[in-house]
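Okay, structure first, notes after.
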Amino acid sequence: MNQSIFINNKIYHVYNRGTDKRNIFLEEEDYLRFIHDLFEFNDTAPALNIYYKAANLQNPQSYEVPLRKIERKPRELTVKILTFCLMPNHFHLLIEQVKNGGITAFMRKLGTGYTNYFNKKYERSGVLFQGKFKSIMVEEEKHFLHLPYYIHCNPLDLVMPEWREKEIKDHKKAMQYLENYRWSSFPDYIGKKNFPSVTQREFLTEFFGNPEQYKKDVEKWLKEMALEDLNDIVLDNK
């Protein structure tokens, strides 16, 4: 069920998708803009309408979030973004609230900011997302242990949807796809610099181990997973 009151230092699985299940990312630029917004709007300061340009576009190995173009105080985070994954018509976040009202404020800025960008770019009007974002507090240990793996494996829906039935025939190929899927925090967790400034990875890294170990654990999870253990917290199944 949705949480109307978020608690500091608690972790939440947050999810939303396009209205009528429409795609919310149509081009590479759209993914980059949303990831930029994950970084920029995670701040207690009001959101600013600033000019930015994606950096490192000529480097296929790294799309770091661009630096701010104006002078301002260092960010004061409202949430810790532990993991994220963007899919063509939805997104997953695993976030921890660190300021009172932090998740609500962050998601409001994120939803409004990206919708304004999308509507202006594609000359449309109206809502983009399917209502208010969904969220569930991560309370049980089994959820905490498996949810980061689940979020990071979501891109396999695009090429190997059978992963959800544990019917992957080539796990090496599946892992290679996940490693090279840019719109996720997975590459950063396995030591492949992607968008390192967006996420706060210290907590999960300390818990799950070094990048090599995390990669091994994700592959093992793909082989042995039991998605029924996550039925009450996997929001995109509802």
Side-chain angles (χ1 to χ4, degrees), residues 6 8 11-16 24-88 90-121 128-129 133 135 148 151-152 154-155 181-205 211:
F6 297 98
N8 289 353
I11 296 173
Y12 295 84
H13 177 205
V14 175
Y15 165 90
N16 209 349
I24 55 177
F25 306 110
L26 305 183
E27 300 177 350
E28 186 175 86
E29 182 184 24
D30 302 336
Y31 288 98
L32 288 169
R33 175 58 187 241
F34 193 90
I35 290 172
H36 166 273
D37 289 351
L38 287 176
F39 175 89
E40 187 67 33
F41 295 151
N42 189 10
D43 194 347
T44 56
L48 298 179
N49 183 19
I50 64 172
Y51 169 82
Y52 79 95
K53 182 178 181 180
N56 298 328
L57 290 180
Q58 302 304 315
N59 181 357
Q61 300 303 318
S62 176
Y63 280 173
E64 175 58 300
V65 172
L67 298 176
R68 297 161 185 246
K69 302 298 181 181
I70 59 176
E71 292 294 328
R72 57 189 286 187
K73 295 181 180 179
R75 289 190 306 156
E76 186 176 354
L77 303 184
T78 58
V79 301
K80 290 182 180 180
I81 302 175
L82 305 181
T83 68
F84 71 86
C85 182
L86 312 185
M87 298 288 285
H90 69 274
F91 65 83
H92 291 272
L93 303 175
L94 190 63
I95 55 180
E96 175 186 349
Q97 179 164 285
V98 295
K99 295 287 185 181
N100 291 338
I103 289 178
T104 299
F106 171 67
M107 294 304 298
R108 181 184 299 118
K109 288 194 288 186
L110 182 65
T112 300
Y114 184 75
T115 297
N116 288 342
Y117 153 82
F118 190 93
N119 284 355
K120 182 176 181 180
K121 177 179 178 179
L128 176 62
F129 295 102
F133 63 91
S135 61
I151 290 174
H152 282 153
N154 252 245
Y181 188 81
R182 292 193 178 110
W183 321 122
S184 161
S185 54
F186 179 68
D188 289 309
Y189 271 96
I190 61 171
K192 186 176 180 180
K193 186 177 180 181
N194 192 41
F195 299 105
S197 61
V198 172
T199 49
Q200 290 69 55
R201 300 182 300 282
E202 296 81 4
F203 176 65
L204 288 186
T205 298

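Everything numeric in this text was worked out from a predicted model, so none of it was measured.
- Using the six-membered ring where Trp is involved, Tyr31 and Trp183 have ring planes that are parallel, under 30° apart on the 30 and 60° scheme.
- Phe129 pairs by the ring pair (Phe, Tyr, Trp, His ring centres under 6.0 Å) definition with Phe91, not counting sequence neighbours.
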Could you walk me through whether Asn42 and Thr78 pass the side chain to side chain donor-acceptor pair (under 3.5 Å) check?
CA-CA 6 Å; Asn42 189 10; Thr78 58; 3.2 Å; yes
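- Smallest separation of non-hydrogen atoms from Pro155 and Tyr181: CG-CD2, 3.4 Å.
- The shortest distance between side-chain heavy atoms of Asn154 and His90 falls below 4.5 Å.
- You'll find the side chain of Phe203 reaches within 4.5 Å of the side chain of Ile11, heavy atoms only.
- Side-chain N or O atoms of Asp30 include none that pairs as donor or acceptor with a backbone N or O of Ile24 at under 3.5 Å.
- Side-chain contact between Glu96 and Gln200 is absent, with no heavy atoms from C-beta onward closer than 4.5 Å.
- Here the side chains of Leu110 and Phe34 are in contact, with some heavy-atom distance below 4.5 Å.
- Summarising the geometry, atom CG belonging to Leu128 is positioned 11.0 Å from atom OG1 belonging to Thr112; distances are rounded to the nearest 0.5 Å.
- Taking CG of Asn100 as the start and OG1 of Thr44 as the end, the distance is 12.0 Å to the nearest 0.5 Å.
- Although no hydrogens or angles enter the test, the distance criterion places a donor-acceptor pair under 3.5 Å between the side chain of Gln97 and the main chain of Ile103.
- One distance of note links OG of Ser184 with CZ of Phe84; it measures 6.0 Å at 0.5 Å rounding.
- Looking only at distances, no side-chain donor or acceptor of Arg182 sits under 3.5 Å from a matching main-chain atom of Glu28.
- Across every non-hydrogen atom of Asp37 and Phe106, the tightest pair is O-CE1, 4.5 Å.
- Note: Tyr114 and Tyr117 meet the aromatic proximity criterion, with ring centroids under 6.0 Å apart.
- Residues Val79 and Met107 have side chains not in contact (no heavy-atom distance under 4.5 Å, counting atoms from C-beta outward).
- Listed for the Asp188 side chain is a donor-acceptor partner under 3.5 Å among the backbone atoms of Phe195.
- The shortest distance between side-chain heavy atoms of Pro196 and Arg201 falls below 4.5 Å.
- Note that the SG atom of Cys85 and the CZ atom of Phe186 stand 11.0 Å from one another [nearest 0.5 Å].
- Side-chain atoms of Asp43 do not come within 3.5 Å of backbone N or O of Leu77 as any donor-acceptor pair.
- Two residues are said to be in side-chain contact when any heavy atoms from C-beta on lie closer than 4.5 Å; Phe6 and Val14 fail this criterion.
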Is there a side-chain contact (heavy atoms from CB on, under 4.5 Å) between Leu38 and Leu93? Walk through the geometry before answering.
CA-CA 10 Å; Leu38 287 176; Leu93 303 175; 4.0 Å; yes
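- A cation-pi arrangement, defined by a distance under 6.0 Å to the six-membered ring centre and an angle within 45 degrees of its axis, is absent between Arg33 and Phe118.
- Just one of Ile190, Val198, Thr83, Leu86 meets the side chain to side chain contact (heavy atoms under 4.5 Å, CB included) condition when paired with Ser185; it is Thr83.
- Note that the NE2 atom of His92 and the CG atom of Asn16 stand 11.0 Å from one another [nearest 0.5 Å].
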